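A short write-up of the structure that comes next.
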Amino acid sequence: MQIKNTAKGCLALSLAAPQALDETWFDESFWRQQQAIVGSSKGRYTTWFVEHGKQQWVLRHYWRGGLMEKLSKDAYLFTGVTKTRAVAELALLERLFEEGLPVPEPIAAKVERFGLWYRADILIRRIHGAEDLVALLQKQAMSRPQWQQLGALIGRFHQRGVYHADLNAKNILSSDQGFYLIDFDRGELRTPADGWQQANLSRLLRSFNKEKRKQPKLQFTEDNWQWLLEGYRGSASA
């Protein structure tokens, strides 16, 4: 990963970043002027899908949540470039991607400083034809082998020591190539023996149950969860 200083802060570039990358590419209005916005994902805030040449990228701004959101929607205390949310996530994604784990290909991150604070954005490559599990399970059920495959994938990440700070159904994508994990904000590498994995799995189960309460037709059952655990345990003995 390379870091390029700019007038307002810095750009962190992954190995996949094009040479002509410019900080204006982190501005949604730039892509709108180019008529290059091809979609969006809306939660509390909007994530944009943009088209660059033959690729599609995901542009995501870092927004605060919880009590801190009342003080500032997107300002974070600056304690060093590599400790910023965007650069830390970019570095983790780059490492995992190079190791062959199913994560989005990282492109670049932008950190804009103002005094003791910063704002940040990240660009990653969009996974072609993928949709999150909530969208998928609203339309159809997954088979037992698919749930086992998902459990084995999560087990693979855990065995590597990858802690996902927000492991939930919307941060798991399904595509023709299989499952992917996305959104590694605040993620990190931990020692597998420290016992954090069960809390990670419990968070995912709460997510499925929460989505099921919101959308009763969501194709998720207790049997599905047990199938996922079968795959998870199988990955540990493989």
Side-chain angles (χ1 to χ4, degrees), residues 41-45 47 58 60 62-69 85 88-89 92-93 96-97 99 101-104 124 127 129-238:
S41 175
K42 296 186 178 181
R44 286 191 309 120
Y45 299 99
T47 297
V58 179
R60 174 163 55 86
Y62 287 79
W63 299 99
R64 278 197 174 278
L67 293 175
M68 292 301 296
E69 183 181 11
R85 301 277 282 262
E89 182 174 359
L92 179 59
L93 278 176
L96 299 180
F97 185 81
E99 292 180 8
L101 285 163
V103 299
I124 60 175
I127 299 169
E131 60 181 343
D132 68 64
L133 285 195
V134 174
L136 174 65
L137 294 174
Q138 287 182 64
K139 300 181 295 184
Q140 63 188 65
M142 293 200 314
S143 67
R144 184 171 188 166
Q146 286 177 305
W147 283 105
Q148 291 172 330
Q149 179 188 3
L150 175 57
L153 173 67
I154 296 170
R156 182 182 172 193
F157 276 90
H158 282 181
Q159 290 163 37
R160 175 61 183 85
V162 181
Y163 170 75
H164 193 297
D166 191 18
L167 187 61
N168 65 60
K170 289 188 175 181
N171 283 335
I172 301 172
L173 301 187
S174 175
S175 76
D176 292 340
Q177 290 74 45
F179 296 106
Y180 290 79
L181 296 190
I182 63 169
D183 193 354
F184 282 82
D185 181 25
R186 296 179 293 113
E188 59 185 15
L189 294 178
R190 295 183 173 182
T191 302
D194 286 349
W196 46 267
Q197 298 93 330
Q198 184 55 53
N200 223 209
L201 286 172
S202 297
R203 184 184 186 90
L204 178 59
L205 177 57
R206 289 196 300 271
S207 165
F208 279 120
N209 287 332
K210 177 182 176 181
E211 295 296 339
K212 179 73 172 181
R213 288 193 298 271
K214 290 164 57 178
Q215 303 174 64
K217 293 184 178 180
L218 193 81
Q219 301 295 307
F220 176 73
T221 67
E222 176 59 28
D223 283 342
N224 298 154
W225 182 250
Q226 294 304 317
W227 296 344
L228 182 150
L229 292 180
E230 286 176 3
Y232 183 87
R233 297 187 189 105
S235 70
S237 59

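The shown structure was predicted, so the numbers you read here are calculated from the model rather than taken from an experiment.
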Discussion item. List the residues meeting side chain to side chain donor-acceptor pair (under 3.5 Å) with Ser41, not counting sequence neighbours, and say none if there are none.
Written reply: none

Item to complete: List the steps and the verdict of side-chain contact (heavy atoms from CB on, under 4.5 Å) for Leu96 and Leu181.
Response: CA-CA 11 Å; Leu96 299 180; Leu181 296 190; over 6 Å; no

Discussion item. Give me each pair satisfying ring pair (Phe, Tyr, Trp, His ring centres under 6.0 Å) with a member in residues 204-226, each pair once, sequence neighbours excluded.
Written reply: Trp147-Phe208, Trp147-Phe220, Phe208-Phe220

Worksheet, complete the sentence: CZ (Arg85) and CZ (Arg64) are apart, to the nearest 0.5 Å, by 7.0 Å

Fill in: Evaluation steps, salt bridge (charged side-chain N to carboxylate O under 4.0 Å, His left out), between Arg60 and Asp183
CA-CA 10 Å; Arg60 174 163 55 86; Asp183 193 354; 3.7 Å; yes

Worksheet item: For Lys170, what residues pass the side-chain contact (heavy atoms from CB on, under 4.5 Å) criterion, not counting sequence neighbours?
Response: Asp132, Val134, Asn168, Glu211

Item to complete: Output the distance between atom CE (Met142) and atom CG (Leu137), rounded to the nearest 0.5 Å.
Response: 5.5 Å

Worksheet item: Sub-3.5 Å donor-acceptor pair from the side chain of Gln219 to the main-chain atoms of Lys217, do we have one?
Response: yes

Worksheet item: If you round to the nearest 0.5 Å, how far is CG of Asn224 from CG of Leu229?
Response: 11.0 Å

Practice prompt. Quick one: closest heavy-atom pair of Gln197 and Tyr232, and the distance?
Written response: CB-OH, 3.5 Å

Fill in: Results of side-chain contact (heavy atoms from CB on, under 4.5 Å) for Gln140 - residues two or more places apart only
Leu136

Worksheet item: Checking side-chain contact (heavy atoms from CB on, under 4.5 Å) for the pair Ile182/Val103: CA distance, chi angles, key distance, verdict?
Response: CA-CA 6 Å; Ile182 63 169; Val103 299; over 6 Å; no

Fill in: Asn171/His164 under side-chain hydrogen bond (donor to acceptor under 3.5 Å, both in side chains): CA gap, chis, key distance, verdict
CA-CA 10 Å; Asn171 283 335; His164 193 297; 4.5 Å; no

Discussion item. Checking side-chain polar atoms at under 3.5 Å, does Glu89 have a donor or acceptor matched by the opposite partner on Tyr62?
Written reply: yes

Worksheet entry | Closest approach of Ala165 to Asp185 (non-hydrogen atoms, all atoms of both residues) | CB-O, 3.7 Å

Worksheet item: When rounded to the nearest 0.5 angstrom, what is the spacing between CD in Gln159 and CD1 in Ile154?
Response: 12.0 Å

Response to the item:
Sorted by chain and number, sequence neighbours left out, side chain to side chain donor-acceptor pair (under 3.5 Å) with Gln149 holds for none

Practice prompt. Measure from the side-chain N and O atoms of Ser175 to the backbone N and O of Gln177, and report whether any donor-acceptor pair falls under 3.5 Å.
Written response: yes

Fill in: Which residues share a salt bridge (Lys or Arg N to Asp or Glu O under 4.0 Å) with Lys42, sequence neighbours left out
none

Discussion item. Could you check whether Gln226 and Glu230, counting side-chain N and O atoms only, form a donor-acceptor pair closer than 3.5 Å?
Written reply: no

Discussion item. Ignoring hydrogens, what is the shortest heavy-atom contact between Ser207 and Ala169? Give both atom names and the distance.
Written reply: OG-N, 2.9 Å

Fill in: From Leu204 atom CG to Asp166 atom CG, the distance as rounded to the nearest 0.5 Å
10.5 Å

Worksheet entry | Interatomic spacing from CD in Gln198 to CG in Leu205 - rounded to 0.5 Å | 9.5 Å

Worksheet item: If you take all heavy atoms of Ala141 and Gln146, which pair is closest and at what distance?
Response: O-OE1, 4.4 Å

Worksheet, complete the sentence: Taking every heavy atom of Leu189 against every heavy atom of Arg160, the minimum-distance pair comes out as CD1-NH2, 3.9 Å

Item to complete: Show your reasoning for whether side-chain contact (heavy atoms from CB on, under 4.5 Å) applies to Leu133 and Leu150.
Response: CA-CA 11 Å; Leu133 285 195; Leu150 175 57; 3.7 Å; yes

Response to the item:
Scanning both residues in full, the closest heavy-atom pair of Phe179 with Pro102 reads O-CB, 3.4 Å

